[in-house]
*Asks:* 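Next up is a structure, given as structure tokens.
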Amino acid sequence: MSRKVVRAKRWWLAAVGITSVTLAVLMHAWGILFFASYAATTAASIILPA
């Protein structure tokens, strides 16, 4: 295995790692937004009728 292959593999691993971390952060952010909107809707439905 040549050094170029090793370097390419490291770059590929880094790219996959960065992509997966970015996706995880985005999904986490969407989850927080969804939960916040759900909580706000629930709170409004409890508070407004009373």
Side-chain angles (χ1 to χ4, degrees):
M1 197 143 72
S2 66
R3 289 183 179 222
K4 275 185 184 174
V5 174
V6 172
R7 191 174 291 164
K9 206 171 258 188
R10 279 202 193 133
W11 272 107
W12 187 78
L13 281 171
V16 170
I18 291 166
T19 306
S20 58
V21 166
T22 306
L23 280 173
V25 169
L26 282 173
M27 293 296 282
H28 193 62
W30 277 115
I32 290 170
L33 282 171
F34 180 77
F35 180 75
S37 63
Y38 175 76
T41 308
T42 307
S45 69
I46 292 169
I47 292 164
L48 287 176

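None of the values given here were measured: they were computed from a predicted structure.
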*Asks:* Among T22, L23, V16, find the one that has a side chain to side chain contact (heavy atoms under 4.5 Å, CB included) with T19.
*Replies:*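 Exactly one candidate clears the test, L23.
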
*Asks:* From T42 OG1 over to I47 CD1, what is the distance, rounded to the nearest 0.5 angstrom?
*Replies:* 10.5 Å

*Asks:* Between CD1 of I32 and CE of M27, what distance do you get to the nearest 0.5 Å?
*Replies:*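 Going from CD1 on I32 over to CE on M27, the span is 12.5 Å.
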
